[in-house]
Amino acid sequence: MLGADPVRRSVAFLIDPFAKALLKLGVTANWVTLVGTVGVCVTALITFPQGEFLLGTIVICLFAVFDLLDGTMARLSGATSKWGAYVDSVSDRLADGAMMGGVVLFFALSENDTSAFAALAALVLGQIVSYSRARAESLGLQARIGIGERAERTIIFLLGTLLAGLGFEIALSIAVWVLAVISAITVIQRAVTVYAQATLEKR
């Protein structure tokens with residue numbers, strides 16, 4: 001998402017000073033990752049079930065800065081490691097689960113069974129999207145394909161919660177259905193891709 005050089009430079013200009021300051025204080029990238037994850041999880045599970053979507057979305061977006069900070073800190077300190085990558089991936093799954101879980105609870109408490117089902121489907125399928133890639137890579141295969149990558153899913157999700165917070169609750173229902181569908185499609189796309197690679201290896 002930050003592929004363009006001007007965008008990268010702008011982000012670095014804003015983030016690097018904070019990253020350097022934290023490193024000087026002895027804060028590690030992994031600690032920043034964990035604090036950001038806990039912040040997102042607590043915010044989502046408190047605000048979303050109560051329908052406080054505007055507040056929840058704003059706070060979660062603020063904690064999203066931690067996701068930029070930890071990577072920058074690891075780069076600046078030269079402390080990139082397999083453990084750090086593991087912590088980052090697991091933290092992403094926790095944050096994603098908590099955010100969608102908060103929305104599932106909201107729809108369930110509102111007795112909107114249809115949207116609750118869609119949100120639950122989006123939660124489960126979203127986790128499978130990530131797992132399918134990780135499992136493929138553990139087998140020496142590639143599954144970097146699909147219309148429902150994490151970045152796209154997060155944008156759709158937060159757009160839905162933001163609009164719900166502004167009074168357009170129907171937008172959140174639409175968002176969870178879209179997420180469920182594109183996640184299902186992505187799971188199928190990755191399964192087909194892995195199957196093709198695995199079959200080719202046998203020849």
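Computed from heavy atoms alone, side chains included, the values below leave out hydrogens, waters and symmetry copies.
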For a quick test of reading the model, state the closest non-hydrogen atom pair linking R153 to S183 and the distance between them.
CD-OG, 3.4 Å
Among the clusters formed by ILVMFWY side chains lying less than 4.5 Å apart, do I60 and L159 turn up in the same one?
no
Roughly how far, to the nearest 0.5 Å, is CZ of R190 from CD1 of I128?
12.0 Å
Show me the donor-acceptor pairs within less than 3.5 Å that the side chains of residues 98-107 make with the rest of the protein, sequence neighbours left out.
none

Could you pull out all donor-acceptor pairs under 3.5 Å where a side-chain atom in residues 41-53 meets a protein atom, sequence neighbours excluded?
from: T43; atom 1: OG1; to: G39; atom 2: O; distance (Å): 2.7
from: T47; atom 1: OG1; to: T43; atom 2: O; distance (Å): 2.6
from: Q50; atom 1: NE2; to: I46; atom 2: O; distance (Å): 2.7

Rounded to the nearest 0.5 angstrom, the CG-CD distance for L179 and E152 is 11.0 Å
Do V192 and V194 have side chains that get closer than 4.5 Å, going by heavy atoms?
no
Do W31 and T28 have side-chain heavy atoms sitting under 4.5 Å apart?
yes
If you compare all heavy atoms of A180 against all heavy atoms of A121, which two are closest, and at what distance to 0.1 Å?
CB-CB, 4.2 Å
With rounding to the nearest 0.5 angstrom, report the CG to OG distance, L125 to S130.
11.5 Å
Do I182 and I156 make a side-chain contact, defined as non-hydrogen atoms from C-beta onward lying under 4.5 Å apart?
yes
If I take atom OG1 from residue T114 and atom CG from residue N112, how far apart are they, to the nearest 0.5 angstrom?
6.0 Å
Are the side chains of L158 and C61 in touch, meaning some heavy atoms are under 4.5 Å apart?
yes
Side-chain contact, heavy-atom cut-off 4.5 Å: R150 with R93?
yes
Is it true that V176 and L109 fall in one hydrophobic cluster, defined by side-chain heavy atoms closer than 4.5 Å?
no
Go through the side-chain N and O atoms of R135 and S138 and say whether any donor and acceptor fall under 3.5 Å apart.
yes
Would V181 end up clustered with V178 when hydrophobic side chains under 4.5 Å apart are linked, directly or stepwise?
yes
Donor-acceptor contact below 3.5 Å, side chain Q197 vs main chain Q142
yes
Is there side-chain contact between T193 and R144, with heavy atoms separated by less than 4.5 Å?
no
Residue pair Y195 / T199, side-chain heavy-atom distance below 4.5 Å:
yes
What is the minimum heavy-atom distance between A164 and L172, and which atoms define it?
CB-CB, 3.9 Å
Which pair of heavy atoms, one from A19 and one from L76, lies closest together, and at what distance?
CB-CD1, 3.8 Å
Within this structure, what is the CE-CG distance for the pair M73 and L23, rounded to the nearest 0.5 Å?
4.0 Å
Would you say D92 and D67 make side-chain contact, with heavy atoms under 4.5 Å?
yes
What about L54 and F168, same hydrophobic cluster or not, with Ile/Leu/Val/Met/Phe/Trp/Tyr joined at side-chain heavy-atom distances under 4.5 Å?
yes
Aromatic plane relationship, Y86 with W83 - under 30° parallel, 30 to 60° tilted, over 60° perpendicular
parallel
Hey, are E137 and R133 close enough for a salt bridge, meaning a charged N less than 4.0 Å from a carboxylate O?
yes
L25, L69: one ILVMFWY side-chain cluster at the under-4.5 Å cut-off?
yes
Strictly below 4.0 Å, N to O, side chains only: are D16 and R75 in salt-bridge contact?
yes
Gap separating the CD1 atom of I58 from the OG1 atom of T161, nearest 0.5 angstrom:
10.0 Å
For A74 and A29, work out which heavy atoms get closest and say how close.
N-CB, 4.0 Å
Looking only at heavy atoms, which two atoms of G97 and L123 are closest? And how far apart?
CA-CD1, 3.6 Å
Take I15 and V65, measure what side chain to side chain contact (heavy atoms under 4.5 Å, CB included) needs, and give me the verdict at the end.
CA-CA 9 Å; I15 296 296; V65 175; 4.0 Å; yes
